Asks: 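Encoded as structure tokens, here's the structure I'll be asking about.
Keep in mind that this is a model prediction, so the values were computed, not measured.
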Amino acid sequence: MKKIFAKKRNIFLTRLFLGQLPVLISTYLFLSRQFLHFSLVFQLLLVVVNLASILVIVYLTREMRVRKFEDDDLVSPRANQLMFVGLTCFMTIICLYRGITAVESYQQLIAYIGAILCLIIMLLLIWGLKYYKK
């Protein structure tokens with residue numbers, strides 16, 4: 001059992017360091033427009049790193065699916081759904097706050113639409129808890 005969890009932890013860490021962190025860093029560089037000031041060689045290197053990271057994420061996701069890691073009993077699906085209910089409730093509150101404090105009307109509209117969508121998702125998750133088989 002410990003061997004399965006150690007292998008699962010290693011795959012998760014590999015996926016994090018080789019797949020997701022480079023994509024997050026390059027996304028930050030892209031959104032802050034700092035990559036425009038880099039040389040052409042470094043921009044191409046950034047594209048290659050992103051493509052390699054995407055391939056690592058896809059490969060490790062398939063490997064996790066083959067090994068059926070989702071069958072562990074550490075966290076129940078009901079607990080996961082309750083966590084997502086809490087998360088969507090928090091996001092609804094954030095969107096409502098943003099809608100109230102926004103100055104521009106288009107910002108208010110976007111925030112209220114986000115709040116409505118989060119509220120609908122939260123209600124659907126709560127409704128799904130009703131039909132959860134124990």
Side-chain angles (χ1 to χ4, degrees):
M1 190 74 154
K2 284 187 175 185
K3 186 178 181 181
I4 292 172
F5 289 131
K7 188 170 279 259
K8 181 178 179 180
R9 186 186 67 226
N10 288 340
I11 289 177
F12 279 137
L13 287 175
T14 305
R15 185 174 162 191
L16 175 70
F17 288 119
L18 294 178
Q20 294 173 346
L21 282 180
V23 171
L24 288 175
I25 292 169
S26 63
T27 302
Y28 168 74
L29 291 173
F30 178 73
L31 291 177
S32 66
R33 298 180 190 235
Q34 291 180 3
F35 78 100
L36 295 174
H37 304 293
F38 298 148
S39 67
L40 184 62
V41 173
F42 192 73
Q43 288 177 355
L44 290 174
L45 181 67
L46 195 60
V47 169
V48 169
V49 167
N50 282 337
L51 290 175
S53 296
I54 291 169
L55 290 175
V56 166
I57 291 171
V58 169
Y59 172 74
L60 291 176
T61 303
R62 285 185 182 171
E63 185 174 338
M64 289 169 55
R65 207 176 292 144
V66 167
R67 294 180 187 264
K68 295 189 186 339
F69 282 148
E70 62 269 5
D71 292 334
D72 61 351
D73 295 327
L74 294 177
V75 180
S76 70
R78 185 176 180 88
N80 278 339
Q81 193 157 350
L82 285 171
M83 180 185 66
F84 284 120
V85 167
L87 181 68
T88 54
C89 179
F90 178 71
M91 288 171 44
T92 303
I93 292 169
I94 295 291
C95 287
L96 286 174
Y97 174 75
R98 180 63 184 157
I100 292 169
T101 60
V103 177
E104 300 290 331
S105 61
Y106 70 91
Q107 291 177 347
Q108 289 177 338
L109 180 67
I110 291 171
Y112 288 138
I113 289 172
I116 290 170
L117 289 175
C118 288
L119 183 66
I120 289 171
I121 292 171
M122 182 180 66
L123 292 175
L124 288 173
L125 285 169
I126 291 171
W127 186 37
L129 283 173
K130 178 181 172 184
Y131 296 104
Y132 177 73
K133 295 180 182 179
K134 295 180 181 179

Asks: Can you tell me if CZ on Phe38 sees more than 12 non-hydrogen neighbours from other groups inside 6.0 Å?
Replies: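 It does: Phe38 CZ has more than 12 such atoms within range.
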Asks: Does Leu96 belong to the same Ile/Leu/Val/Met/Phe/Trp/Tyr cluster as Leu119, with side-chain heavy atoms less than 4.5 Å apart forming each link?
Replies: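 As far as the 4.5 Å side-chain criterion goes, Leu119 and Leu96 are not connected within one cluster.
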Asks: So which heavy atom on Cys95 is nearest to which on Gly114, and how close?
Replies: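 Looking at all heavy atoms of both residues, the closest pair is SG-C, 3.9 Å.
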Asks: Would you please test Ile100 and Tyr97 for side chain to side chain contact (heavy atoms under 4.5 Å, CB included) and show each step?
Replies: CA-CA 5 Å; Ile100 292 169; Tyr97 174 75; 5.7 Å; no
Asks: Answer yes if Val47 and Leu45 sit in the same cluster of Ile, Leu, Val, Met, Phe, Trp and Tyr residues linked by side chain heavy atoms under 4.5 Å apart, and no otherwise.
Replies: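 Per the 4.5 Å side-chain linkage, Val47 and Leu45 are not co-clustered.
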Asks: Between Gly99 and Gln108, which heavy-atom pair has the shortest distance, and what is it?
Replies: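 In terms of heavy atoms, the two residues are closest at O-CG, 3.3 Å.
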Asks: Compare every heavy atom of Met122 with every heavy atom of Thr88, then report the nearest pair and how far apart it is.
Replies: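 Heavy atoms only, the tightest pair is OG1-CB, 3.3 Å.
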Asks: Taking the side chain as C-beta and beyond, is there a heavy-atom pair between Leu117 and Ile113 under 4.5 Å?
Replies: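 Yes; the side chains approach each other to less than 4.5 Å.
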Asks: Check Gln81 against Leu125 and note the closest heavy-atom contact, atom names and distance.
Replies: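 Closest heavy-atom pair between Gln81 and Leu125: NE2-O, 2.8 Å.
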Asks: Same cluster or not: are Ile126 and Met91 linked, directly or through other Ile, Leu, Val, Met, Phe, Trp or Tyr residues, by side-chain heavy atoms under 4.5 angstrom apart?
Replies: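 Yes.
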Asks: Mind checking whether Leu44 and Leu46 sit in one hydrophobic cluster, side chains of I, L, V, M, F, W, Y counted as touching below 4.5 Å?
Replies: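 Different hydrophobic clusters.
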Asks: Report whether Ile121 and Leu123 are members of the same hydrophobic cluster (ILVMFWY, side-chain heavy atoms less than 4.5 Å apart, transitive linking).
Replies: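 Yes, one cluster joins them.
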Asks: Rounded to the nearest 0.5 Å, how far apart are CG of Leu87 and CG of Leu82?
Replies: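 Output value for this atom pair is 12.5 Å.
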